[in-house]
Each structure stands twice: as C-alpha cells, then as structure tokens.
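See below for the structure under consideration.
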Amino acid sequence: MPSYDHKTIEAKWQSRWEKRRAVEIDLSSSQNKYYMLMMFPYPSGDRLHVGHGRNYILGDALYRFLRMRGKRPLNPMGWDSFGLPAENAAIARSVHPRDWTLNNISVMKEQFKRWGILYDWSKEVTSCQPDYYRWNQWLFLRMYEKGLAYKKRAPVNWCPSCQTVLANEQVVEGRCERCRTEVIQKDLEQWFWKITDYADRLLAGLDDLDGWPERVKTMQRNWIGRSEGAELDFRIPSIEETLTVFTTRPDTVHGATFMVLAPEHPWVERLLGNGERDQEILAWIERVRNTPRLEREGEGVVKEGRDTGAVAVNPATGEEIPIWLANYVLPDYGTGSIMAVPAHDARDLAFARQEGLAVRLVYHPEGDEIDADSLEEPILDRGEIRNAAPFDGLSAGAETVGRFIAWAEEQGFGRARVTYRLRDWLISRQRYWGTPIPVVYCDKCGIVTVPEDQLPVELPYDVEFTGKQGNPLSRSQEFVTAACPNCGGEARRETDTMDTFVDSSWYFLRYLSAKDDSQMFSAATAESWMPIDQYIGGIEHAILHLLYARFVTRVLHDFGMVDVEEPFTNLFNQGMITRYAEASGRVEKMSKSRGNTVSPDQLIEDMGADTERVYTLFLGPPEDEVEWNDDAVYGAHRFLNRIVRLQERLSETPPTGTDDDELDRTVHRTVERVTRDLEKFKFNTAIAALMELMNALSKAVEDRSTSRLVCDQAFDTLLKLLHPMAPHLTEEFWERRGHPDSLLDVDWPDFDPEKLVSETVNLAVQVDGRLRDTIVVPSKADEPLVRSLALASDKVSRNLDGRSISRMIFVPGRLVNFVTGKSA
RNA sequence: GCGAAAGUGGCGGAAUGGUAGACGCGCUAGACUUAGGAUCUAGUCCCGACAUCGGGGUGGGGGUUCGAAUCCCCCCUUUCGCACCA
C-alpha cells in the first residue's frame with residue numbers, strides 16, 4: 001500500500017475549516033484571551049518556499065495547541081503591502097503596483113490555505129488600502145500637533161539604487177538594508193518623527209521585557225546607546241560664541257589641549273575668517289561630506305583634519321587651545337564637537353600625534369613618571385590626578401566624574417547631561433507606493449496639514465512609472481495641485497510618502513478594529529486584548545520594526561488611546577531554514593536569489609501539507625537555524641503512513657490484555673512530554689515523543705497482548721496530541737473513528753501523574769562513577785533494599801573486587817553509586 | 001578590537017548535574033512483495049579480529065564533584081551583533 005490519500009483528505013478539511021469559519025473570534029469578550037501574532041508579511045511576487053513556511057507552520061501549531069488547551073487565541077493575518085518591489089515591478093513589467101500587490105496577496109492566501117494554516121480573516125488588514133493608511137495619516141497629524149513630527153534640513157542617508165532616503169536603522173554597515181547598495185549622504189529637507197524624546201523610556205522598558213530574547217534587548221540597548229556625562233562650555237573669543245561639547249570624561253578637562261569640530265559644523269565658515277588656506281579647507285570639507293558613510297566611519301579609516309586657526313578657552317585652565325576640524329568627529333552625535341584629551345582618549349591621542357598637537361596628563365600612573373610626549377597608549381582608568389587642584393590625588397571613576405560635574409556647575413561652565421546614540425526617525429520616502437504625507441505647502445501659509453475630515457489623502461492610481469529619477473507622484477499634476485486648507489489659495493501637495501515601517505508600527509492595534517472606519521482602533525477593545533501575548537517573527541527586525549512599534553505604542557499610550565506601553569509581552573524569533581546551494585557550493589539561507597529553495601507546492605502535491613508540517617517542525621529547535629534535507633522529509637511521511645496503517649489494524653486487538661498498564665503508562669508519559677514540549681515551542685522533541693508512542697502502540701497491536709480498549713484510547717490520544725502538527729490527517733481519522741466534534745474543539749488530554757510511575761524501574765549501578773550494571777528494582781524500593789539488590793549483581797561485585805565501600809550515593813529511580821575507599 | 005551564542009555519531013538532533021547519542025535521515029544484513037519514493041525485522045559512536053567482557057569518547061587543556069555534554073577557568077573554531085558615538 002503506497003501513501004494515504006492526502007490530497008482528498010487535505011482539501012476536505014481545508015474547506016470545512018473555512019466554511020465553518022472555525023477561527024473567527026468575537027472580540028467583545030476577552031475571557032481566556034490570548035493574542036498571538038505572526039509578523040505580517042510583505043506580499044512579494046515570489047511564491048512562498050518551505051523556508052517561509054517554518055514561521056507560519058509554527059504559529060498555526062501553536063494556535064491549535066492553545067485552542068485545545070482552552071484558550072481563546074486571536075490569530076489574525078494581514079499584509080505589509082506598501083513598498084518598493086511593487087513599484088519596481090511596475091517599471092519592469094508595466095503592471096500597476098496596486099494590481100500587482102493585490103494579486104500577490106491572493107496567491108499567498110491560497111498558499112496559507114494549502115498549508116492548513118488558519119487565520120481569522122475577518123480581521124484582515126492590508127496596509128496599502130486607504131482604509132488602513134488613512135490612519136497613518138491621522139497619526140501623523142496627531143504627532144505633528146504634539147511636536148513629534150517635524151521637518152528639517154539635515155544630512156541624510158540616500159540610497160542611489162532605491163532612489164530614496166533611509167532612516168538610520170535602515171542602513172546596515174553603510175549599506176541599504178534592502179538592496180545592499182552603498183548609501184551616500186545628502187542634505188535634504190525631510191520629515192522626522194521624534195523617537196529621541198522616547199529614548200529613555202524605550203531603554204528602561206526593556207528591563208521589564210522578561211519574555212524577550214536577551215540578544216534582542218541587547219541590540220536595542222546598544223542602538224539607543226545611552227551615555228552619561230556632562231556638557232562643558234568653551235568660549236571662542238574671535239566669534240564671541242560659546243562652544244558646548246559633550247563628554248563622558250569631564251574629569252579630564254584639564255587635559256583638553258585642543259577642540260575638534262565635525263567638518264559639517266555650522267560655525268566652520270565663521271571660524272575660518274579669511275585665511276589663505278581657507279579655500280583648501282573648504283574643498284577638503286566638501287570631500288569629507290561626500291565620503292560615503294562606510295568609508296568615513298568604517299574600521300581603520302585614516303583620520304584627517306585641518307586647523308581652523310581659531311582658538312577656544314579651556315574653562316578649567318584658562319588656556320587658549322586650537323580649534324581643529326576632523327573627520328572622526330560626527331556631525332550628528334552630541335553637539336558635533338568635542339574637547340580633545342589626547343592623554344586619556346585613544347582617538348584624540350592618535351590625532352594629536354599625527355598633527356603634532358600637545359598632550360597633557362591629568363591622571364598620572366602611581367610610581368613611575370610618564371612623559372606626556374612619549375605616551376603611546378592613552379591612560380584610561382588608572383593613575384591619580386595631579387596639577388589640577390583641588391582634585392589632586394583622586395583616581396578615575398564615577399565619583400570623581402561627579403565631583404567635576406558639580407564643580408563645573410558651580411563655576412557655570414558645565415552641567416550633567418545624558419546623550420543617546422539614537423537619532424530621530426526619518427519617515428519621508430521619495431517613492432510612490434506608500435502613504436502620502438498629509439501636508440500641503442502654501443506660499444502664503446507655509447506648511448499646512450490636511451484637515452482630519454479630508455483624510456485619506458489617496459494615492460492617485462493613474463501615474464506614470466518610467467523608472468526615471470524622482471517620485472512619480474511629483475509628476476502627477478492632479479495630485480500635486482491642491483487648495484490650501486487654510487487660505488484656499490493654490491498650494492502644492494507633499495509628494496514624499498511614509499516609510500513602510502510606519503505601517504507596521506501599529507497594525508496589531510488595527511486587527512482589533514479592522515473594519516472600523518470611524519477611528520484608528522477602539523480603545524476599549526485594545527484595553528481588553530492588548531498586549532500581544534506572543535509575537536513571532538524573524539530576528540532581522542530586532543531593531544527596526546520592533547523599536548518603531550514600541551515607540552508608536554508609547555506615543556499612542558501618551559495620547560490616551562491604549563493603556564499598555566509595551567506591545568509585545570513575549571517575543572519568539574524563529575531560526576531560518578538553510579539548504580545547500582549549487583551556485584555557491586555552500587549551505588546558505590534558503591532564498592530565491594541563491595537558487596536553493598524547495599517549493600511547498602510540489603511537496604504538498606506529492607506527500608501532503610501534513611508531511612511538510614511535521615517535517616518542518618521536526619527539523620530541530622525552532623529558534624535554531626536548521627538545514628533542510630530532501631531525503632529526511634520521507635521520514636515524516638513514513639511516520640504519517642504508519643499511523644494510517646496502524647489505524648487499520650486496531651480491530652485485530654483482543655478484548656483483554658496483560659500489557660494494558662504498560663501502554664497506558666506510555667500514553668500518560670507521552671501526554672506529559674508533549675504538553676511540556678509544546679509549552680516551550682519544542683515541537684521537535686514533541687514529535688519524537690509521538691513517534692515513540694506510535695512505535696509502542698504498533699508493537700502492542702503486533703503482540704496482541706494489549707486490549708482493544710487501551711489501544712483505542714492510545715490511538716485517540718495520539719490523534720489529539722498530533723493535531724497541532726498534522727491537522728488534516730488527525731481530523732480525518734478522528735472523524736472516521738466516530739467522534740462528532742472537530743479536533744479544534746476537543747480538549748487537550750490530561751495526564752495522571754500516578755500513572756507515570758511503573759512498578760519497577762531500571763536502576764544504573766555505578767562503582768566509583770563508572771557504570772557497571774543496570775538492575776531492575778521496585779520503584780518504591782528504599783536505600784537498604786537497593787543496596788542489597790545492587791550488591792547482588794555479579795558485575796558489581798566483580799568490579800568492587802573486595803574493596804571497602806566508603807559511601808553509597810542513591811538517586812531514587814535513577815542510580816546508585818558505590819564509592820570505594822581509596823587504599824592509597 | 002568589544003559583546004553574545006554555539007561546538008555531541010556519516011547527517012539533523014536528544015539529554016541542562018545522575019545509564020551520552022532519544023527520535024529521525026542515511027547505511028548494513030535478512031524477510032516479503034503484481035516493484036513502491038514500498039513495507040517489515042535486526043543491526044549501526046570508536047578501539048580491542050569476536051564478545052553478554054574491557055577500554056576510550058560530547059572542539060582542546062585544566063578544575064569543582066561520588067558523578068560533568070551540562071558548572072568554573074584558559075585556549076581554539078564558527079555564527080551573530082556592535083565597532084572613531086566623544
């Protein structure tokens with residue numbers, strides 16, 4: 001007999017689940033609520049491969065498990081459907097982004113269905129539809145009102161290939177996160193969201209996220225990059241200004257022998273005056289500004305600088321020190337300028353040596369005299385202060401830093417300050433396929449936001465996709481021309497659209513009110529259903545999406561719209577699936593571009609979705625990266641086929657049996673194992689346990705020494721426990737065995753702890769920690785009995801070899817260990 | 001360079017202080033068969049020609065412990081994150 005008829009069975013159950021809308025949930029009650037969420041996908045034109053399947057299969061198995069355990073899980077799905085590929089498809093294939101996207105969505109939906117994956121489609125959310133993105137616009141208006149959205153001219157990241165600006169989070173190692181093209185800097189006027197206002201709260205909130213992987217929290221902490229220190233003021237007599245710098249080491253201010261400004265610093269031209277070298281310096285600045293980020297900030301980049309000729313006054317010593325410009329000072333961190341303390345900072349020391357600038361020690365190592373001119377390594381955290389009364393004798397540390405800050409405050413040239421590495425979120429994009437920013441520009445009134453009752457500002461369908469420079473929106477006269485909402489005069493519409501990460505920063509709230517066209521979401525429903533109990537998605541969003549979503553949730557919290565501050569209580573990052581790629585000769589992430597994908601369509605055709613599901617979950621721990629093995633898939637298929645054959649032979653079992661207890665015990669033990677494993681997402685070991693149960697039941701049927709009743713019960717339990725992994729097959733056999741309800745509505749089995757214990761146990765017997773024998777003892781046997789039974793073993797006595805026993809370790813149910821007296 | 005995680009048979013992996021290698025893939029031998037991507041049975045960490053006996057074994061070295069894949073220290077390798085952030 002070949003394989004079972006998976007095609008008929010799977011089609012039958014998929015259509016049944018769909019018809020009875022088995023997963024639709026009424027949000028008006030939040031009793032036993034469990035909000036689970038898979039990161040919503042981008043509907044790319046490529047069909048999903050089995051690597052994508054891991055994420056969705058995992059989620060579906062979790063859904064079914066939770067439901068059988070009495071939870072009411074909300075399991076929605078939607079589409080992160082704005083984005084560049086749609087626009088690129090339009091250019092390459094003359095298909096409108098909207099049509100292309102909507103078609104992709106229907107293809108993906110069909111793929112989900114064929115995997116047996118159930119979502120509550122009544123709450124479907126599609127971010128490229130006006131009924132969704134109008135609330136992006138609404139949110140923008142609220143943020144603008146509160147000063148959280150603002151426009152400024154700034155040096156920004158520009159991806160020449162995507163033809164748009166990018167947020168800092170979307171630049172990875174100097175390259176575009178999407179297309180890997182090297183990013184360049186441009187000065188542009190752009191819209192930002194003020195995430196920096198939330199830096200401290202976003203950082204502090206991480207401490208309470210116990211359900212998040214440590215590494216994700218670490219990445220977010222590093223990204224936010226809090227650093228404590230002080231700002232200090234340095235007077236610049238020539239231009240009558242005070243230059244404020246940020247430093248974490250105000251205690252080294254006496255050693256500041258020069259200042260360094262970023263070449264972009266706004267005062268540069270004033271500082272230069274009219275010197276002869278100025279033309280050369282300006283040209284140099286231009287060159288630095290145009291250097292790609294990667295070359296400017298990467299490892300081993302050569303430090304370059306120029307002397308402005310101007311001087312500043314060190315507030316601690318009263319000395320005049322030169323002001324330099326250098327490429328190692330970044331324009332957008334701190335104040336874009338530093339006090340350079342070469343004796344106590346590696347970068348400043350390298351620069352001072354290169355340019356022949358003075359080095360002065362503040363901290364002197366105890367004992368040996370060090371000559372500042374021959375210092376090779378900066379002194380970072382040792383030594384004691386000299387020649388800086390009244391601080392002489394202090395050693396480096398937080399306390400000393402505090403005393404310096406207090407002193408600077410007293411003297412009026414400094415104050416405590418905390419700085420973050422996090423920058424504001426640049427949300428403008430020069431692309432068509434995104435949410436239009438609801439703003440118009442009026443010659444008379446300036447920036448005017450579109451009134452709420454005029455939302456949504458809809459994307460015009462009828463635009464030209466030429467692939468030429470510039471956003472197609474800006475060439476649409478119909479779109480650009482607008483009446484000023486303020487004065488009614490002629491105005492121009494903003495043609496930039498929003499970063500698609502805006503869409504994904506709050507979609508989980510929209511699921512709760514997907515059809516509500518009167519508000520962004522219902523505060524009451526959000527109160528009862530938020531936070532999300534379990535969020536599942538890839539690690540690639542560790543910073544990007546997860547940071548933005550935390551930010552926007554806090555903003556909405558501050559607007560009084562949602563009570564929680566953290567949207568995701570538990571976060572699970574599934575690992576990716578890899579496979580050997582011919583092209584590279586290596587095992588790599590499964591992807592279309594690497595040519596190492598496996599299509600679920602063919603696999604499902606041949607062996608069924610249940611086989612793919614079981615195999616995918618069996619591959620390894622879901623958080624790990626695992627390698628797809630084409631041959632091993634048959635193992636999962638074989639397992640399911642054995643269950644089918646087993647079912648056919650159940651009727652051969654006798655009415656009574658002598659081994660009933662043994663099988664019954666295995667069943668209870670399996671329930672315990674599978675339940676515990678699924679609670680921890682350990683689907684791989686849960687399936688292994690089910691294979692063991694199947695093997696045991698198979699043997700019981702074969703031996704005919706176990707009763708029909710117990711075998712039947714074992715089989716039913718196997719079906720229930722396997723249902724989350726192989727839903728179609730289990731539903732089919734559950735029905736064939738005469739059970740009226742769908743397994744979705746059947747309770748998860750319980751186990752009886754008393755039935756886990758057998759009459760006897762195998763006990764390992766060790767001598768000096770080495771295994772010498774295993775013996776069978778009554779499970780309730782006490783120490784003296786075990787001792788005598790163990791000593792009765794030939795192997796044990798042979799290995800004791802007459803030596804005296806100085807100690808016996810007894811671990812009930814596991815082992816005994818005889819420790820012999822050391823004769824030596 | 002800094003930080004984190006990981007390293008177990010031919011392969012994916014199991015075991016988080018107590019019988020290392022569960023479960024599966026692959027492989028070997030046999031059975032059965034209108035032959036299928038069959039199925040069933042047995043075996044499968046290494047060495048001692050065989051073994052129910054013995055030794056070794058979880059990247060390497062050391063330590064703690066009656067007992068270590070598991071805990072601690074040093075080293076090696078791989079992967080990931082950060083990397084002129086003042």
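Letters A, B, ... are given to chains in the order of the sequence lines, protein chains preceding strands, and every chain is numbered from 1. Computed from heavy atoms alone, side chains included, the values below leave out hydrogens, waters and symmetry copies.
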Knowing that exactly one of A:Asp233, A:Leu261, A:Leu232 qualifies, which makes a side chain to side chain contact (heavy atoms under 4.5 Å, CB included) with A:Leu243?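 With A:Leu243 as partner, A:Asp233, A:Leu261, A:Leu232 yield a single side chain to side chain contact (heavy atoms under 4.5 Å, CB included), made by A:Leu261.
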
Pick from A:Val761, A:Leu763, A:Val816, A:Asn762: which one makes a side chain to side chain contact (heavy atoms under 4.5 Å, CB included) with A:Ile775?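 Only one of A:Val761, A:Leu763, A:Val816, A:Asn762 forms a side chain to side chain contact (heavy atoms under 4.5 Å, CB included) with A:Ile775, namely A:Leu763.
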
Think [X] has a side-chain N or O under 4.0 angstrom from the OP1 or OP2 of [N]?
{"X": "A:Ser337", "N": "B:A86", "result": "no"}
{"X": "A:Arg638", "N": "B:G26", "result": "yes"}
{"X": "A:Asn641", "N": "B:U39", "result": "no"}
{"X": "A:Arg421", "N": "B:A83", "result": "yes"}
{"X": "A:Arg645", "N": "B:A38", "result": "no"}
{"X": "A:Arg215", "N": "B:A4", "result": "no"}
{"X": "A:Arg772", "N": "B:U52", "result": "no"}

With side chain to side chain donor-acceptor pair (under 3.5 Å) as the test, pick out the partner of A:Tyr363 among A:Asp381, A:Thr252, A:Asp251, A:Thr400.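 For A:Tyr363, the side chain to side chain donor-acceptor pair (under 3.5 Å) check succeeds only for A:Asp251.
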
Give me the stems containing RNA chain B, sorted by first residue, counting only three or more consecutive Watson-Crick or G-U pairs with both distances under 3.5 Å; say none if there aren't any.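 Stem list for RNA chain B: B:1-7 with B:76-82, B:10-12 with B:23-25, B:26-31 with B:39-44, B:45-48 with B:53-56, B:59-63 with B:71-75.
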
Verify, without hydrogens or angle tests, whether A:Arg353 (side chain) and A:Glu376 (backbone) share a donor-acceptor contact under 3.5 angstrom.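 Looks like no, no N/O pair under 3.5 Å.
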
Report yes or no: does A:Asn596 contribute a side-chain atom to a donor-acceptor pair with the main-chain N or O of A:Tyr580 at less than 3.5 Å?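 No, the answer is negative, given that no donor and acceptor are paired below the 3.5 Å cut-off.
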
Give me, pair by pair, the N or O atoms of the protein and of nucleotides 41-45 of chain B that are less than 3.5 Å apart, along with how far apart they are.
none

Give [X] one of three labels, base, sugar-phosphate or nothing, depending on what nucleic acid heavy atoms sit under 4.0 Å from its own.
{"X": "A:Arg417", "value": "nothing"}
{"X": "A:Glu692", "value": "sugar-phosphate"}
{"X": "A:Asp606", "value": "base"}
{"X": "A:Ser227", "value": "sugar-phosphate"}
{"X": "A:Ala688", "value": "base"}
{"X": "A:Gly635", "value": "sugar-phosphate"}
{"X": "A:Val765", "value": "nothing"}

[atom1] atom, [N] versus [M]: distance in rounded Å?
{"N": "B:G57", "M": "B:A5", "atom1": "P", "result": "28 Å"}
{"N": "B:G10", "M": "B:U19", "atom1": "C1'", "result": "25 Å"}
{"N": "B:C66", "M": "B:A15", "atom1": "P", "result": "27 Å"}
{"N": "B:U44", "M": "B:G24", "atom1": "C1'", "result": "14 Å"}
{"N": "B:G13", "M": "B:U79", "atom1": "P", "result": "16 Å"}
{"N": "B:U33", "M": "B:C25", "atom1": "P", "result": "24 Å"}
{"N": "B:G9", "M": "B:G17", "atom1": "C1'", "result": "24 Å"}
{"N": "B:C40", "M": "B:A4", "atom1": "P", "result": "49 Å"}

Knowing that exactly one of A:Arg54, A:Lys682, A:Lys680 qualifies, which makes a salt bridge (Lys or Arg N to Asp or Glu O under 4.0 Å) with A:Glu623?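 Of the listed residues A:Arg54, A:Lys682, A:Lys680, the salt bridge (Lys or Arg N to Asp or Glu O under 4.0 Å) partner of A:Glu623 is A:Lys682.
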
List the steps and the verdict of salt bridge (charged side-chain N to carboxylate O under 4.0 Å, His left out) for A:Glu652 and A:Arg649. CA-CA 6 Å; A:Glu652 298 169 14; A:Arg649 296 184 55 201; 3.4 Å; yes

Which atom pairs link the protein and nucleotides 15-21 of chain B when you take only N or O atoms and keep those under 3.5 Å?
{"unit_1": "B:G18", "atom_1": "O2'", "unit_2": "A:Arg814", "atom_2": "NE", "d": "3.2"}
{"unit_1": "B:U19", "atom_1": "OP2", "unit_2": "A:Arg814", "atom_2": "NH2", "d": "3.2"}

Using the benzene-type ring in the case of Trp, are the ring centres of A:Phe681 and A:Phe572 under 6.0 Å apart?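 Aromatic pair counts; centres sit under 6.0 Å.
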
Between A:Trp628 and A:Tyr615, does the ring centroid distance fall short of 6.0 Å?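 So the answer is yes for these two rings.
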
Atom OG1 of A:Thr685 and atom CD of A:Glu692: how far apart are they, to the nearest 0.5 Å?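 Taking OG1 in A:Thr685 and CD in A:Glu692, the distance rounds to 10.5 Å.
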
Are any non-hydrogen side-chain atoms of A:Asp768 and A:Gln766 less than 4.5 angstrom apart?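 With C-beta onward as the side chain, the pair stays apart.
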
